[in-house]
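Below is one structure, written out as structure tokens, with a few remarks after it.
Counting from 1, the numbers follow the sequence of the chain as shown. Worth saying up front: this structure is predicted, and the values here are computed from it rather than measured. Just so you know, ligand 1 is whichever comes first in the structure, and atom 1 is the first atom listed for that ligand. Only heavy atoms go into these numbers, but all of them, side chains included; no hydrogens, no water, no symmetry mates.
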Amino acid sequence: MTDDPLLALRPWESPEVTSWGRLPMSAVDRRAQALSLDGDWRFQLLPAPTAAVGDDWTPARVPGAWTLQGTDDLPWYTNVRMPWPDFPPASPAANPTGVYEREFDVPAEWAGRRIVLQVGAAESVLLVHVDGRPAGISKDSHLAAEFDLSDVVRPGVSATLRLTVVKWSDATHIEDQDQWWHGGITRSVLLYATDPLHLADVTVRAAASGELRVDCRVRDAGGALPEGWYVSGEIDGQLLVQDAEFDRFNAADDRVSDFLGEPRMCARVPGVRTWTAETPELYGLTVRLHRADGTVADTSYRRIGFRDVEIVGRDLLVNGERIYVRGVNRHDFHPLTGRTVSRNDMRADLVLLKRFGFNAIRTAHYPNDPTLYDLADELGFYVVDEADIESHDHAHEIADDPRYLNAFVDRVSRMVLRDKNHPSVIIWSLGNESDYGANHDAAAGWLRRHDPTRPLQYEGAAKLGWADPAVASDIACPMYAPLEDCVAHALSGEQTKPLIQCEYSHAMGNSNGTLADHWAAIESTPGLQGGFIWEFWDHGILQCVNSGRPVGRVGAGLYDNGVAAPGLRWAYGGDFGETIHDGAFIADGVVFPDRTPKPVMYEHREIAAPVRLEAFRHEGLVVANHQCFRGLDWLAGTWELALADGRVLTAPAELPDLRPGETAAVPLPFELPADSGEAWLTLRVTTAGDEPWAPHGTEICTPQLLLRAAPEVRETPVSGPRVQVDGDGLLIHPLLTSAPALSLWRAPTDNDELGGMAARWREWGLDSLVRKAVDVRRDGGGVTVLAEYAGNAGVIRHEQVFTPVQGGIRVEESVDLPDAYADVARVGSVFETVSGLDLLEWYGQGPWESYPDRAAGAPVGHHSAPVDSLLTPYLRPQESGGRHGVRRFRLSAPDASGLSVVLDRPRQVSVTRFRADDLAAATHHDQLKPRPGCVVHIDAAHRGLGTASCGPDTFPSYLLQPGTHRWAWTLRAL
Ligand code: IPT
């Protein structure tokens, strides 16, 4: 038994206890007036909350996770499964408990003031003691907890603060999000003082009309409010007026007591500049609370935005306009510090997202760091703010469990109270993956009453019926719904709510196939308004390979461009010795753990392009403004004409003056040179001036049009020199170390593995086909080779015809794929080159990686890159580095020797240092050993990527059919 009353309550196994001694959440931001208690604290990790605290202290960083700071309690990754078997509300007896202690000085000038401690976030139960006396309890791991310490500290005297953080609890069952499990105090700890007479809360309603309403909640620490206090306010210099009608109404209402500390102020801002994600116009609002003598007792300052959000019919409107939601799901994440993220890092996240065309964030799956919302207001993002409720593993039991009712309402209401004044927040979310029950309806009831100005959504409710008016979701917000179901719903005549997928296009590994198809449908189907890609980050934790421990502390130069330095690697599930875990499912973001964009980011950037190009008959173009609120004046353009013969012509572009949604015809900027073959026109669009998120000259998009198609590539056979093959009919060539052979396999992507395709390919033996030459025939200088590959679902016949052509060898290939091999990874040739060929130059799509169903963001042009840079280092090695639509390429050494390949038509090509087997055998990049030569794949056809690791596979049009495939290419020495 313990004599500590907080421990005696055993709050880690009492879902009804959400807090004790905690102040109500408030939107008044005290960060600017606070003393920081961040830094190194005394720390010890106990095996259980009831274990005795000893004398053995080590320093621990606050804010931070102890799981990343050298303790033996390491990060642990599970998705849906709880890391332990206990049934809610129980938690395991072995329960790491961090005890943090430090002294702090209470300034002498705080005498007579109200002194408040704020703990930014603690996982998952926080117990507060000051000088050994209990001061409070809090749960709700991703929102701040405040405690009034006025009665327990003495100004001018120092005090000892102990924060005890219990890692596992009843609350863990509703914090079962798909992320690493950590323990610690993950956001800042602050101390501030106010006058006893203070602004307990300020609620702002600022409409696009310029109407402003500010509701204040005034309280006095002593209880009764003193005589004669009043409030005043101003917005960018304009004074607010107290709403006399509101006061009169309240005074006449006998339900309102004499204690009326709730004044309302109003203003009308003429010619208001409205807030949207495209035009994030902010105004400074100051609210002052005065004593009777006019002196100021308390002040609240915040930036606000004037905007409306409403649902009309099945459209979500911002300021009366239908918007597109180009969203991403975002966790608070950092590869060194876990869920502790600095302002600079959050800003960098948002700047990157803006530059790649995103305009919306879902704070998956808990309220993100408060600074994120300030930055979203400032840089312009629509935010779906999500409450910290995910009971995934025990969803059904908990949704109706009255013991958790309090926690549901607590978490939703505290989020709303904190974030209600942010213009960026346009939708509230009740949480994620928690089934649907009475606890949700209770929280929704509170929310609708408290904030009728925003819609709410909840996927678990919406899935009971996308059009059902009775469920707690104003948005049809499915996750990973097949596109055809979304389109069918929009066309059904039954749709009543905007359809915006809360998660779609799962970015695990080499993924996000069909993103462009989704957006083609969204932009052409009334009722579809977008969605949130899953997700922003790959949650790789930087790990020392030798010690197996996380690096943990921020230091320069540890990682770069998606690849960890030698001796380090990006850890995923299982790498910290977790007994149960979900492996690389934690690495499913559009950026690497160091925020390097994956190729899908360029795909997204183009899909979201604010300026588009269309062909206009034969003599002109149509330029279109695809924004909702802005003209094109913030953009500049350059025309670029890429000709197949290698020439690139440029000319400055004059962007037409277009309002949102308008189009204009413009003349062709170039006369097409005769005889230059295929011709592509690109409009390179950059920022004309400095944007808060992009300096002048930042590339925004590169819309492209084909002006003239390519003539067919023809080669004329010549006599001699004879093509050389060995006894097995394998090509002998001085530049090749391995002759061109049939390839039907790729190192499985995460989608291939989790979607079941890879297992099928292995079953068919496609990963280890053995070649047998059955016929080698000479015909003049050429050779025809027929080979058979004995797969487990039938023999595959492959023919190669080698013909001498001017300066090289023409290779014509065909393969007959029996019907049993429906849906293989690729059909093509693979060969390997001598070492030293380190530069790839190609004419085709690029410069970044592209695949058949993810090729909208890689313009056709003349590209080059070092071979060593071509593989994309997805955390778990897999097929990557492919380039789509390649017409020809050269591989060269520094002395300009090397080889060139001309393809019969645009093909998928990849050049890396790795065989498919090498990639498939490795679990992490530090295990890969680059081969000295190049491994070259030329694919007649390559399967789309899809998103089957979570969600739909690629579309049938991107699958490979059985039957005969033919392709041809010409190999020359340079
Ligand atoms: C869905 C989750 O909401 C999200 O947190 C993440 O796990 C994502 O999938 C996949 O990475 S839930 C899934 C079981 C549909």
Next on the checklist: Within the structure provided, determine whether Ser413 and Met25 are in side-chain contact (heavy-atom separation under 4.5 Å).
Outcome noted: no
Item to check | Residue list, side-chain hydrogen bond (donor to acceptor under 3.5 Å, both in side chains) with Arg187, at least two apart or on another chain | outcome: Asp332
Next on the checklist: Would Arg746 pass as a cation-pi partner of Trp761, given that its NZ or CZ must be under 6.0 Å from the six-membered ring centre and within 45 degrees of the axis?
Outcome noted: no
Checklist outcome for this item: So the salt bridge (Lys or Arg N to Asp or Glu O under 4.0 Å) pairs with at least one residue in residues 352-364 (sequence neighbours excluded) are Arg362-Glu386, Arg362-Glu503
Checklist entry - ligand 1: which residues have a non-hydrogen atom closer than 4.0 Å? => result Asn79, Asp178, His365, His392, Asn432, Glu433, Met479, Tyr480, Glu503, His506, Trp534, Phe585, Asp588, Cys950
Item to check | Those residues that, when tested against Glu606, pass salt bridge (Lys or Arg N to Asp or Glu O under 4.0 Å) (two or more places apart) | outcome: none
Next on the checklist: If only side-chain N and O atoms count, and only distance matters, is there a donor-acceptor pair under 3.5 Å linking Trp12 with Asn95?
Outcome noted: no
